[in-house]
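Beneath this line is the structure, given in structure tokens, with notes to follow.
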Amino acid sequence: LRYAERVVAGKQVVGKWVVLACQRFLDDLDAAWGETSQWDFDADLADRPMRLAELLPNIKGPVAGKPVRLMDWQCWILSNLFGFVDREDRRRRFRQASIWVPRGNGKTTLAAPVAIYMTFLEGEGGAEGYAAAVTRDQAKILWDSAKQMVRRTPELRGRFGIDTTEKSIFQAQSASKFIPISSDAKALDGLNVHCGVCDEIGSHKNASVYDVLLTALGKRAQPMLISISTATGNSTGIGRQVHDYTEKVLSRVVEDERFFGVIYAADKDDPIWSRKTWIK
């Protein structure tokens, strides 16, 4: 909340899309607290994935091995994704998320804990979680980070029965799994997606993986497809379409209550961020 208020007040230097996203959050929060919308805001549900994330270790870089410490912008995103629920049935509001972050600013550190939380800690029977990318090697970057986080957190494995193999992270008691998949859409029929993360959606040349995951959300009560990426020069792929749709939602040209979006873009309208600047 403090982060969104700083952004809207001009005390946090960000581009226009972040300002619009934060204003949307504050407007939605006012409507939730005033009981004038379909959506309520549950602070406990917003807090749970954050608490999990900070029990997990960083995997790469100078802070490898030390606990994850979420930055304000990451906490704000998680509050959006998990805090808003239907006032009647308490199911999660957002079905899709579009998150654009400059390179080297904690994209995987945000996405991997979310995948672990949704797949194994929401009590979803037979949950299927997928790390999806153009190539299997790209998909395994996110998946392997999640795998290493689980392996290096014995308390998580012991308490929740989460374990790993060479090709899967799984929870036997709930028959849930998190695996990497690539753009060979022919091999993706029959999915029953609870959590899908399209990594580097900006590099996807076609919509094969995205469309398969999106259409497979309908079998679950509160699934989510998260498209997360750095900006690329790809102006024709599904990433461009998702990016453009995000702009329309944030500009309120399109009204989509189930779609969350934010663009931390490194372009002429938005500063090119460094990690040091973001921490400040």
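Quick note: residue numbers are just sequence positions, from 1. All values below come from the heavy atoms of this structure, side chains included, with hydrogens, waters and symmetry mates left out. Given the structure is predicted, the values throughout are model-derived calculations rather than measurements.
- The number of heavy-atom neighbours closer than 6.0 Å to CZ of R51, taken from other residues, nucleotides and ligands shown, is 12 or below.
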Residues L110, W73; criterion side-chain contact (heavy atoms from CB on, under 4.5 Å); working and verdict:
CA-CA 10 Å; L110 177 69; W73 69 274; 4.3 Å; yes

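- In terms of hydrophobic clustering, with Ile, Leu, Val, Met, Phe, Trp and Tyr side chains grouped at heavy-atom distances under 4.5 Å, L225 and F259 are assigned to different clusters.
- The backbone N or O of G261 sits nowhere less than 3.5 Å from a side-chain atom of S98 that would complete a donor-acceptor pair.
- Scanning both residues, P223 and M118, for their nearest heavy atoms gives C-CE, 4.5 Å.
- For Q171 and S174, the side-chain atoms include at least one donor-acceptor pair closer than 3.5 Å.
- Cluster membership check: I59 shares its hydrophobic cluster with L52, using side-chain heavy-atom separations under 4.5 Å among Ile, Leu, Val, Met, Phe, Trp and Tyr.
- Looking at P180 and Q138, their side chains never come closer than 4.5 Å, going by heavy atoms from C-beta outward.
- Note: the hydrophobic cluster containing V209 does not contain Y245 (ILVMFWY, side chain heavy atoms under 4.5 Å, direct or indirect links).
- For the pair S227 and V242, the tightest heavy-atom approach, listed with the atom from each and the gap, is CB-CG1, 4.4 Å.
- Atom NZ of K16 is separated from atom CD1 of I263 by 9.0 Å, given to the nearest 0.5 angstrom.
- Heavy-atom neighbours of K167 NZ from other residues, nucleotides or ligands within 6.0 Å: at or below the threshold of 12.
- For the residue pair Q222/R91, the side-chain donor-acceptor check at 3.5 Å is not satisfied.
- Looking at R157, its side chain does come within 3.5 Å of a backbone N or O of R151 through a donor-acceptor pair.
- Between the side chains of N206 and S208, at least one donor-acceptor pair of N or O atoms lies under 3.5 Å.
- The backbone N or O of L191 sits less than 3.5 Å from a side-chain atom of K219, completing a donor-acceptor pair.
- Between the side chain of E54 and the backbone N or O of L70 there is at least one donor-acceptor pair closer than 3.5 Å.
- Judged purely by atom type and a 3.5 angstrom limit, W17 has no side-chain atom pairing as donor or acceptor with the backbone of E247.
- Judged by distance alone, with hydrogens and angles left aside, the side-chain atoms of D199 form no donor-acceptor pair with the main-chain N or O of A132 at under 3.5 Å.
- Taking the salt bridge (charged side-chain N to carboxylate O under 4.0 Å, His left out) definition, one finds that D44 meets it with R48, sequence neighbours left out.
- Side-chain contact check for K147 versus K140: every heavy-atom pair is 4.5 Å or farther apart.
- The structure places CG of N192 at 7.5 Å from OH of Y130, a figure rounded to the nearest 0.5 Å.
- In this structure, R93 contributes its side chain and D86 its backbone to no donor-acceptor pair below 3.5 Å.
- In this structure, the ring of F260 has its center no less than 6.0 angstrom from the ring center of F84.
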Dump the intermediate steps for side-chain contact (heavy atoms from CB on, under 4.5 Å) on L26 and E5, then the final yes or no.
CA-CA 8 Å; L26 294 177; E5 289 175 339; 4.2 Å; yes

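- Ring-plane geometry between Y3 and W76 is classed as tilted, the angle between the planes lying from 30 to 60 degrees on a 0 to 90 degree scale.
- Dense packing is recorded around CZ of R258, with more than 12 heavy atoms of other residues, nucleotides or ligands lying under 6.0 Å away.
- Taking the charged nitrogens against the carboxylate oxygens, R220 and E122 have no contact shorter than 4.0 Å, which rules out a salt bridge.
- With hydrogens and angles disregarded, a donor-acceptor distance shorter than 3.5 Å links the side chain of R87 to the backbone of A32.
- For the pair D256 and K248, the salt-bridge criterion is not met [side-chain N within less than 4.0 Å of a carboxylate O].
- When side chains are defined from C-beta on, V262 does not count as touching W100, because their heavy atoms never get closer than 4.5 Å.
- Heavy atoms of other residues, nucleotides or ligands lying less than 6.0 angstrom from CZ of R90 number more than 12.
- Of all heavy-atom pairs spanning A112 and L142, the tightest one is N-CD1, 3.6 Å.
- In plain terms, the two heavy atoms of A53 and P113 that are nearest each other are CB-CB, 3.8 Å.
- Contact of the V212 side chain with the I181 side chain is not registered, since no non-hydrogen atoms from C-beta on lie closer than 4.5 Å.
- Hydrophobic clustering of Ile, Leu, Val, Met, Phe, Trp and Tyr side chains at less than 4.5 Å, counting indirect connections, keeps V249 apart from L20.
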Under the side-chain contact (heavy atoms from CB on, under 4.5 Å) rule, what do L156 and L55 come out as? Steps first, then yes or no, please.
CA-CA 9 Å; L156 182 70; L55 292 173; over 6 Å; no

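- No side-chain heavy atom of W39 sits less than 4.5 Å from a side-chain heavy atom of D28.
- To the nearest 0.5 Å, atom OG1 of residue T109 and atom CZ of residue R69 are 12.5 Å apart.
- Note: S251 OG to R24 CZ = 11.0 Å, rounded to the nearest 0.5 Å.
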Go through V134 and E200 one step at a time and tell me if the side-chain contact (heavy atoms from CB on, under 4.5 Å) criterion holds.
CA-CA 8 Å; V134 175; E200 294 298 354; over 6 Å; no

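- The heavy-atom pair separating I169 from F120 by the smallest distance is O-CZ, 3.4 Å.
- With a 4.5 Å cut-off on side-chain heavy atoms, E257 and Q38 do not count as touching.
- Distance check: R6 CZ to D72 CG gives 5.0 Å after rounding to the nearest 0.5 Å.
- Transitive grouping of hydrophobic side chains (ILVMFWY, heavy atoms separated by less than 4.5 Å) brings L29 and F82 into a common cluster.
- Taking 4.5 Å as the limit, some side-chain heavy atom of V18 sits within range of a side-chain heavy atom of Y264.
- For the pair K177 and E128, the minimum side-chain heavy-atom distance is below 4.5 Å.
- The distance from the CG atom of D144 to the OG1 atom of T164 is 10.0 Å, given to the nearest 0.5 Å.
- Contact between G202 and S229 at its shortest, heavy atoms only, is N-OG, 3.0 Å.
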